[in-house]
Amino acid sequence: MSATVRAHSTNENFKNNEKLGVIDPSELLRPEPAFAKKPVGQFRDYTVDESDPIKERVRRTYYEMHTNQTVDFVKGRMGKWLKFNHFKATVREALEKLNDLVDESDPDSNIPNIVHAFQTAERIRHEHPDLDWFHLTGLIHDLGKVMAFYGEPQWAVVGDTFPVGCEWGKSIVYRDGSFDKNTDGNDSRYNTKYGMYEAHCGLDNLTMSWGHDEYLYRVLKHNKSTLPEEGLHMIRYHSFYPWHAGGDYAHLCNEKDQEMMAWVLKFNTFDLYTKSEHIPDIEALWPYYESLIDKYIPGVLEW
Ligand SMILES: [Fe+2]
Ligand SMILES: [Fe+2]
């Protein structure tokens, strides 16, 4: 791994988060035969094994997430983050900032997020050379993880997402047990099939558990990105596994969501996390990707 990629962090915010070592369970355990470097059966393996530190960490992250992600919690995070007054940075600066985040975590289990960003983007470019907006979507899709620099706990940044304010989908990981202490489970406004929503209201009208998908989507809208709707949808719902992989929540989707799901699934085939993957030459690739940033999300953004 190059020195640039492993650049050491002196960032104070990062120091405060050094135990965080963001591992995104959604990506760590991703099923994708085309790129898989190990048998597919080993991806997204959520069996409990307290002797395996990574599995145990994933389990704990989900238990904390499912305990704490309530309607009130998400409203609170939105109140904080959607002021967009945390920092100002270009897309490139934000990507480079993310690099620091993973730097001090276990090198055997993590690669810097910027490597994952370029790997995802380059795979997409290889398969879909003409869709430049899709390349850029691949590059930036995880940028919302910068929240981890500002005190956001891991369970409110990474991992699979789900809507709050209605019954939890059957396919959510650790569905049985992990929600036992979530107070929404005892709230009659939220604990029914539709909860606070209307039938087929559309994903746009759901309040999702707080994480990097929703945050980046909101940052892009706030900063008037011209990425097409397909790209924005991929960003907003790529971690919504209970929907696009688990088959839950169809009763809340509208026709547009059904169409968009194909794009989200297509995107997810490229969003693989594996340390054994080829490391792209990031310096050589920057000019191309900066031209895309200039086209779709130029300048300094408010985060
Ligand atoms: Fe992600
Ligand atoms: Fe990703």
Side-chain angles (χ1 to χ4, degrees), residues 5 20-32 34-37 43-44 58 61-62 65 69 77 81 91 94-99 101-102 105 109-127 134-149 152-162 172-173 203 208-220 227 230-246 260-261 263-280 282 289 303:
V5 167
L20 190 67
V22 169
I23 291 178
D24 189 338
S26 284
E27 290 173 354
L28 189 67
L29 308 164
R30 171 95 54 212
E32 181 37 54
F35 303 116
K37 292 286 197 271
F43 289 93
R44 292 183 70 79
V58 167
T61 299
Y62 277 115
M65 177 195 287
Q69 292 265 6
R77 298 341 273 160
W81 285 102
V91 166
L95 273 161
E96 288 175 340
K97 189 180 181 72
L98 255 196
N99 211 29
L101 192 64
V102 186
S105 53
S109 315
N110 298 278
I111 55 170
N113 207 274
I114 199 167
V115 174
H116 170 63
F118 275 94
Q119 284 174 336
T120 308
E122 283 290 290
R123 280 189 208 113
I124 294 169
R125 187 178 173 191
H126 183 74
E127 298 287 324
F134 198 1
H135 313 164
L136 182 60
T137 299
L139 187 76
I140 67 173
H141 73 280
D142 279 335
L143 261 186
K145 292 181 184 175
V146 294
M147 285 191 294
F149 284 109
E152 209 58 88
Q154 186 160 340
W155 50 265
V157 176
V158 297
D160 296 0
T161 60
F162 59 92
I172 295 175
V173 292
L203 297 186
M208 298 298 293
S209 55
W210 187 248
H212 69 283
D213 299 45
E214 182 71 17
Y215 175 54
L216 180 62
Y217 169 77
R218 299 291 193 125
V219 166
L220 293 171
L227 266 185
E230 290 83 353
L232 293 171
H233 217 80
M234 291 173 194
I235 286 166
R236 195 176 193 184
Y237 300 111
H238 70 274
S239 305
F240 189 9
Y241 272 80
W243 168 62
H244 62 65
M260 288 288 165
M261 188 197 272
W263 282 103
V264 176
L265 289 172
K266 193 190 285 277
F267 170 80
N268 273 43
T269 64
F270 300 107
D271 183 16
L272 171 71
Y273 197 87
T274 165
K275 63 179 177 176
S276 52
E277 199 66 27
H278 164 73
I279 305 292
I282 291 172
Y289 285 98
W303 298 79

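Both counts, for ligands and for their atoms, begin at 1 and track the order of listing.
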Any donor and acceptor pair, going by atom type alone, linking the side chain of [X] with main-chain N or O of [Y] inside 3.5 Å?
{"X": "Gln69", "Y": "Trp210", "value": "yes"}
{"X": "Arg123", "Y": "Phe270", "value": "yes"}
{"X": "His212", "Y": "Met147", "value": "no"}
{"X": "Asp160", "Y": "Phe240", "value": "no"}

*Phe267 and His141: aromatic ring centres closer than 6.0 Å?*
yes
_Atom of Asp271 closest to the Fe ion (ligand 2), considering N, O or S atoms_ = OD1
*Name whichever N, O or S atom of His141 ends up nearest to the Fe ion (ligand 2).*
NE2
*His238 near the Fe ion (ligand 2): N/O/S under 2.8 Å*: no
*N, O or S from Asp24 under 2.8 Å to the Fe ion (ligand 2)*: no
*Which atom, counting only N, O or S, brings Asp142 closest to the Fe ion (ligand 1)?*
OD1
